[in-house]
Amino acid sequence: QQDNESEDVFSVPNYACQRRTTLQNHNTVLTEALSILAENAELNEEDGRGIAFRRAEAVLKALPRAVRKLTELKGLPCLGEHSLRIIKDILEKGVSSEVEATKQSERYKALKLLTGIFGVGAKTADRWITMGIYNLQQLQSSGPTLNQAQQAGLEHYEDLNQPVTRAEADHIGEIVRRVVLCVLPGAQLTLIGGFRRGKPTGHDVDFLITHPEEGREVGLLPKVVSLLKSQGFLLYQKTTKNSYLESEDRPTQPSSNMDRFERCFSIFRLKSHQESAEVRGNGSESRPKSWRAVRVDLVVSPISQFAFALLGWTGSKLFERELRRWAGHEKAMSLSSHALYDTKQNSYLRAASEEEIFAHLDLEYIPPSERNA
Ligand code: DGT
Ligand code: MG
């Protein structure tokens, strides 16, 4: 009797960084529903609610099979009353009225549309909605002041909302690698973000640049950017300087995602592979556009921080957040994309690989493809 019962109840560890979460899961109807509510909370800047739904979503992603009954979930972590109610509705009726109502709501639709403009966050979108701006036409006709990023975002709206494929990411990688090596022979370029976790598409392409000799990476990024620009690859770019100082950077907010690497947010002009053929064969009328805009992020790390940067930029966002929560709550350590600090020993813990960081944290190593929490 008791054996039967325990067979029917799921069990997963508390933190997403203790679990192996692949891209595919057995409960997509449930996880997509919770993801909508999480997204809605994030768009409304209700961070606590957003995190609660993300954690619940991640627990369901980690289950070894589809959920059949609510009672199977007894004892699982991170499933609050609200999430359980949504799951119950879907198990019983096939849909959640709250999720459906959210998807239909004018505010949700407008927030999603407006924050889909590069450079527009939840705050700006909310301000525009109060001004009666719910779509791109209203935005263009009522003309609030746009900064340069937002202007570029609006101009390339359609392209930037088309998923980037892995092939496009690799193509951009070849272009960037060539330029990086030209500026600094021996430098290394690594594809990070969702593509490193095995995602077939992404909303942008993220790269981490380093050099095996500490310090050689200093000053690299502005040169890379100006070379890319002179070769016509950049439609927009904003570069921020490295402001990390170990002595003053003891990360005080383990939940914060911000880091201080030298970084370039850009919009890349990517030529279509078939461009030459199409342009040649097609005369002049209604020639298809021969290039597309793609969001590309470049981050530079000194080799001494590379493992931390790699871990911090591979994601998923929830996996990162859970790693920092684990470090802080369970290990009295503070993890950032620069370093790991042990508050009991009052010292930094060095690491040359992601494996070493997991070991410092007393966690089983989880490879990128299983960090899709
Ligand atoms: P995507 O691009 O939507 O397909 O999915 P991801 O997972 O590539 O997400 P993305 O590009 O927003 O960010 C990649 C990872 O980098 C993400 O898991 C968290 C991390 N990340 C993003 N922005 C920052 C930042 O400002 N600081 C730090 N430390 N990490 C960041
Ligand atoms: Mg990305």
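Both ligands and their constituent atoms are indexed starting at 1 by order of listing. Because only heavy atoms are used, hydrogens play no part in the values below, and waters and symmetry mates are left out as well, while side chains stay in.
Interface atoms of ligand 1 facing His203, defined by a heavy-atom separation under 4.0 Å, are 1 (P), 2 (O), 3 (O), 4 (O), 11 (O), 12 (O). Ligand 1 places these atoms under 4.0 Å from at least one heavy atom of Lys317: 9 (O), 10 (P), 12 (O), 17 (C), 18 (O), 19 (C). Numbered from 1 in the order shown, with element, the atoms of ligand 1 that lie under 4.0 Å from a heavy atom of Asp204 read 2 (O), 11 (O). For ligand 1 and Gly315, the ligand atoms under 4.0 Å from any heavy atom of the residue are 18 (O). Under a 4.0 Å criterion applied to the non-hydrogen atoms of Asp206, ligand 1 contributes the atoms 8 (O), 11 (O), 14 (C). Counting the atoms of ligand 1 from 1 in the order shown, those under 4.0 Å from a heavy atom of Arg197 are 7 (O). For ligand 1, the atoms closer than 4.0 angstrom to any heavy atom of Gly202 are 4 (O).
With values rounded to the nearest 0.5 angstrom, His26 atom NE2 is found 10.5 Å from Thr28 atom OG1. The distance from the NZ atom of Lys61 to the OG atom of Ser316 is 6.5 Å, given to the nearest 0.5 Å.
The existence of a salt bridge linking Arg65 and Glu72 is confirmed by a sub-4.0 Å separation between a basic side-chain nitrogen and an acidic carboxylate oxygen. The residues Glu370 and Arg19 are annotated as not salt-bridged, no charged nitrogen and carboxylate oxygen being separated by less than 4.0 angstrom.
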Begin from the C-alpha positions of Glu320 and Arg325 and carry the test salt bridge (charged side-chain N to carboxylate O under 4.0 Å, His left out) through to its verdict. CA-CA 9 Å; Glu320 303 295 337; Arg325 186 166 72 99; over 6 Å; no
Is there a salt bridge (charged side-chain N to carboxylate O under 4.0 Å, His left out) between Asp126 and Arg107? Walk through the geometry before answering. CA-CA 9 Å; Asp126 176 62; Arg107 180 174 167 82; 3.0 Å; yes
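Geometrically, Arg295 does not engage Phe268 in a cation-pi contact defined by less than 6.0 Å to the ring centre and at most 45° from the axis.
Inclusion of Gly194 in the set of residues having an N or O under 3.5 Å from an N or O of ligand 1 is warranted. At a 3.5 angstrom cut-off on N or O pairs, Lys199 counts as close to ligand 1. Residue-to-ligand polar distances keep Thr314 apart from ligand 1: every N/O pair is separated by 3.5 Å or more.
Atom 14 (C) of ligand 1 has its nearest heavy-atom neighbour, among Ser336, Ser316, Ser337, Gly193, in Gly193. Scanning Phe195, Phe261, Phe319, Trp313 for the heavy atom closest to atom 16 (O) of ligand 1 points to Trp313.
Partners of Glu174 under the salt bridge (charged side-chain N to carboxylate O under 4.0 Å, His left out) rule, at least two apart in sequence or in another chain, do not exist in this structure.
Proximity of Lys109 to Lys112: side-chain heavy atoms (C-beta onward) are nowhere separated by under 4.5 Å. Proximity of Gln305 to Phe261: side-chain heavy atoms (C-beta onward) are separated by under 4.5 Å at one or more points.
Asp206 has its closest N, O or S atom to the Mg ion (ligand 2) at the position named OD2. Residue-level check: among N/O/S atoms of Asp204, OD1 sits closest to the Mg ion (ligand 2).
With a 4.0 Å heavy-atom cut-off, ligand 1 is reached by no atom of His338.
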